[in-house]
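Structure first, then comments.
Computed from heavy atoms alone, side chains included, the values below leave out hydrogens, waters and symmetry copies. What you see is a predicted model, and the numbers here were worked out from it, not measured in a lab. Nothing fancy with the numbering, it's 1 onward along the sequence.
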Amino acid sequence: MANGKLIVVCQSGGKFTTNADGTLSYSGGDAHATSLTLNTKFDDFKSEISDMWKYDLHSVTIKYLLPNNKRTLITISTDRDILRFLEFHEDSASADVYVMTPSPPAPSDATSLPCSRSSHTMPNGPVSPIDAPTDYLPDDPIFPVDAPMDFLPDAEDAGKQKTPQISSWKSCITGVGQTFNTRRELHEALDKFSLAHGFHYTLKNSDGRRFCARCKAEGCPWFFIAPKLSTTKLFRIKKMNDTHTCGVGSIRASASRKLVASIVKEKLRDTPSYKPQEIIDDIRRDLGIELNYAQAYGGIAAALEEIQGSHRTAYNQLPLLCEKILETNPGSAAILNTKEDLSFHRIFVAFHASLYGFQNGCRPLLFLDCTSLKSKYRGELFTATALDGNDGIFLVAFAIVDVLSDDNWHWFLEQLKTVLSMSPEITFVADMKKEMSESLSLVFPNCFHGYCLHQLTESLKRKFKGSLTLEVVRVLISEFHSAAYAPTAEGFKKCIETIKNISPEAYEWVLQTEPEHWANAFFKGARYNHLKSSVTESFCDWVSDLPAMPITQVIEMIRRKLMEFIYTRKIDSDQLSSNLTPSAEENLQRSLFNSRSLEVVLSHSSCFKVRDTLDMINVVNLENWDCSCREWQINGLPCLHAVAAIEHVGKNVYDYCYRYFTTEAFKVTYSESINPIPPLDRCMKRESSLVLVHPPCVTRPVGRPKERKYALKSNQAVKRTLQCSKCKKLGHNKRKCKQSA
């Protein structure tokens, strides 16, 4: 790209074809040339291209192929995409883009086209137009690569295609000689044909070699016979009587489960949360067909199985998935465990990019959490999550297990130990369960275990539910949190004394929860003031919102999410010019501003006494990087007293910040990338020697799931226990008091 300018060859009107190696080749159409610079705006570029071919400005879509990956089409739709395009081609003098417009209006007699092989050619292969970095490979392609460019829809428009009108189905069966690619295609065409014409049919003497259908009405002569052509999967109609004597059209035909699935399948690709009632309303509006809830629900289940694959079959693919993870992402870990009967037990996954980023750029701090999965066979997702230098979540490793148990947690920690080669002592924030503490001490002997403050708070609520009023509980929680975050022992004792004055029982409970594992004043590890494992709540919410899908799809969705995280934050890190990450820089600037009112009253070697506005003295030791207020040690950034001392001696305050908050460490965290995994369905045909894995024995119980006994929200009111005004006892009022009887 000489002089900051790239020559762009714009092509339109041609078509793509797939080569033997899977790459794409473009041929035909017209071409025009223009140029792009770093200052070019997308709207101007799009307007110029529209003028080249006199296209409608709002209908133009622009795509290109990656320089080192001729398999994936990338969309240009924003100014940022222009910059990425230039970045990807910075070593090139010119580059090609492909201009597409929506398909032209269908002719008036388009509805009379037969749904047969003679009028419809199946695509040779697909390609997915996605937005990805340079090392991306195609994932789950969905569009035909040999279709004309003008007929390739943009990814954003894929979910806007309307369901075909029922009138077009009247010509799905045309007569003798019509050929269908598969038996399923023929069956689906017959479903649509019978529904459009309003009659029921029955299959007689049909098997894998021939397809015979007759009108279900007694005495009606309508029928056809379609045998399978030898050595192929094709079915061709050989005989047919297209005459009805049953009053065709007067019967209200119903849609089958498979037909509903074929109608909603494309919608479900883009909207996995498509509800049965939404399907009922859409099909009634678009096709005039009435469905009941069971038909809609069954159609969703059938369509999802077609899109995602079978939940049962997915477990058989797990050994191959582990192999492909290790093959495509060297340095990763993928460990599968089965029980003696070969049923699924658990699987552990840690990608090399995550392990490298954590061990070289993140604080040695991990949050352990668990989320239930929506699946036919249920399952639990265990996660070990870190924080980057900008306090963004960073998933290090995860596991899917059959049930939530202490044994599974211990196994997860053992696998985590094998993939982490860190010399610094790791701090874990997790549940305060005794079994968790024992597992952590056994697997990570030198680690620190911080109890999750959120879980402690929920335990406090349950403990005093009913015995104390809502107002009292709120005050207790506020003081409890203040005690946890208090940096010094004096501040902790002050909050604890307040709790003791409110409720001696609550005071005793707090002391029994081992404050050395959750209070900043006594905790020996480094949590950097993050006391709750719920910092990963956004990721857990995303997992919880995933629809029910096979286990391999869950792992693939997590992989894609991680790939997206790493790529986008890698782009963001390249834009940083400050010494620290944005959040750390903001905190440091706040300390710099507040330190202006402080006075350094005495200095000796590397120790300084700093007086604040309240005439309080704090001692700062620059050599040991600590302050008597303990904020520096807890947060990892110089407190206002330390900043005053550092500036007093004329040193750079940035030299006293923990390296985890530097922009350099942030860039290292996201320096490695996660590579795509090839579709498992294609690989399974070649890999037939793998061990079969059966689904776990645990299945979802019938009926509505029971609510958890203690599923209380943080803002939920605690019910007040009744107290008798006569006997002063709890549990009843004066009307039901036995002493008044």
Side-chain angles (χ1 to χ4, degrees), residues 363-365 387 389 391 424-427 429 446 448 450 453 479-499 510-511 514-531 579-581 583-662 665:
R363 290 159 274 183
L365 172 65
L387 293 175
D391 284 340
E425 298 171 335
I426 300 178
T427 297
V429 177
N446 298 321
F448 301 98
L453 183 60
E479 292 297 328
F480 179 59
H481 285 189
S482 298
Y485 285 100
T488 62
E490 292 76 13
F492 175 84
K493 291 178 181 178
K494 181 179 179 181
C495 298
I496 291 298
E497 287 299 322
T498 303
I499 293 177
V510 169
L511 295 182
E514 302 172 295
E516 64 272 16
H517 285 284
W518 53 265
N520 273 341
F522 309 110
F523 188 70
K524 296 181 180 180
R527 292 176 296 180
Y528 301 90
N529 219 27
H530 291 286
L531 278 60
N579 294 324
L580 303 180
T581 61
S583 63
E585 183 70 31
E586 181 181 353
N587 292 332
L588 184 61
Q589 292 299 324
R590 188 182 301 112
S591 296
L592 283 167
F593 178 80
N594 294 333
S595 67
R596 296 173 183 173
S597 59
L598 304 184
E599 178 187 2
V600 180
V601 295
L602 183 63
S603 62
H604 176 70
S605 184
S606 61
C607 293
F608 302 85
K609 290 185 178 181
V610 181
R611 178 187 291 123
D612 59 19
T613 55
L614 299 177
D615 208 28
M616 299 287 293
I617 299 294
N618 285 274
V619 179
V620 178
N621 189 322
L622 295 184
E623 183 177 352
N624 297 333
W625 288 32
D626 63 37
C627 176
S628 59
C629 75
R630 299 195 73 249
E631 293 286 352
W632 193 359
Q633 300 93 299
I634 291 174
N635 295 318
L637 295 172
C639 61
L640 69 166
H641 312 107
V643 169
I646 293 170
E647 292 196 321
H648 178 74
V649 296
K651 293 186 177 181
N652 190 347
V653 69
Y654 290 100
D655 295 336
Y656 290 87
C657 299
Y658 284 23
R659 71 174 185 87
Y660 307 112
F661 300 102
T662 63

task: Assess R527 against F523: is NZ or CZ under 6.0 Å from the centre of the six-membered ring, and within 45 degrees of the ring's axis?
output: yes
- prompt: With the threshold set at 4.0 Å, does a side-chain nitrogen-carboxylate oxygen contact exist between R590 and E586?
  reply: yes
query: Got a donor-acceptor contact below 3.5 angstrom from the R611 side chain to the M616 backbone?
result: no
- prompt: Can you tell me if N624 uses its side chain to pair, donor with acceptor, with the backbone of D626 under 3.5 Å?
  reply: no
query: Looking at V610 and A644, what are the two nearest heavy atoms and their distance?
result: CG1-CB, 4.3 Å
query: Which of these, V620, I617, N618, sits in a side-chain contact (heavy atoms from CB on, under 4.5 Å) with K609?
result: I617
message: Main chain of G525, side chain of T427: is a donor-acceptor contact present, judged purely on distance under 3.5 Å?
response: no
query: Side chains of H530 and V429: does their closest heavy-atom pair fall under 4.5 Å?
result: no
statement: In this structure, CD of E479 is separated from OG1 of T498 (nearest 0.5 Å) by 4.5 Å
statement: Rounded to the nearest 0.5 Å, the CG atom of L640 sits from the OG atom of S591 at a distance of 6.0 Å
message: What verdict does the side chain to side chain contact (heavy atoms under 4.5 Å, CB included) test give for W518 and V510, after you've listed the backbone C-alpha separation in whole Å, the side-chain angles of each residue and the deciding distance to 0.1 Å?
response: CA-CA 11 Å; W518 53 265; V510 169; 3.8 Å; yes
- request: Can you measure from CG (L622) to OG (S606) and round to the nearest 0.5 angstrom?
  value: 6.5 Å
Donor-acceptor under 3.5 Å (E599 side chain, D612 main chain): no
- request: Not counting sequence neighbours, which residues clear ring-ring contact (aromatic ring centres under 6.0 Å, His included) with F522? List them please.
  value: F492
Expected output: side-chain N635 to main-chain L637 donor-acceptor under 3.5 Å: no
- prompt: Does a side-chain heavy-atom distance below 4.5 Å link E425 with P364?
  reply: no
Exercise: identify the closest heavy-atom pair between P487 and R630: O-NH1, 2.7 Å
message: Has T662 got a side-chain atom pairing as donor or acceptor with Y658's backbone, closer than 3.5 angstrom?
response: no
field: Gap separating the CG atom of L598 from the NE2 atom of H648, nearest 0.5 angstrom
entry: 13.0 Å
statement: Closest non-hydrogen contact found for A486 with G491 is CB-C, 3.8 Å
query: Nearest heavy-atom pair of E647 and S595: which atoms, and what distance?
result: OE1-OG, 4.3 Å
- request: I would like to know whether I634 and Y528 meet side chain to side chain contact (heavy atoms under 4.5 Å, CB included); could you show each step before the answer?
  value: CA-CA 5 Å; I634 291 174; Y528 301 90; over 6 Å; no
- line: To the nearest 0.5 Å, atom NE2 of H641 lies from atom OG of S628 at 7.0 Å
- prompt: What's the shortest heavy-atom distance between A665 and R659, and which atoms?
  reply: CB-O, 3.2 Å
field: Separation between CG of L511 and CD1 of I496, rounded to the nearest 0.5 Å
entry: 6.0 Å
SB check D655 K651 (cutoff 4.0 Å): no
query: For N520 and N529, what are the C-alpha separation, side-chain angles and deciding distance, and is it a side-chain hydrogen bond (donor to acceptor under 3.5 Å, both in side chains)?
result: CA-CA 8 Å; N520 273 341; N529 219 27; 2.8 Å; yes
message: Does the plane of the ring in Y656 sit parallel, tilted or perpendicular to the ring in W625? Use 30° and 60° as the thresholds.
response: tilted
message: Ignoring hydrogens, what is the shortest heavy-atom contact between A584 and F661? Give both atom names and the distance.
response: CB-CB, 3.7 Å
L453/F480 under side chain to side chain contact (heavy atoms under 4.5 Å, CB included): CA gap, chis, key distance, verdict: CA-CA 9 Å; L453 183 60; F480 179 59; 3.6 Å; yes
task: Check the pair C629, T488 against side chain to side chain contact (heavy atoms under 4.5 Å, CB included), reporting the backbone distance first and the verdict last.
output: CA-CA 7 Å; C629 75; T488 62; 5.7 Å; no
message: Is any side-chain heavy atom of F608 closer than 4.5 Å to one of V601?
response: no
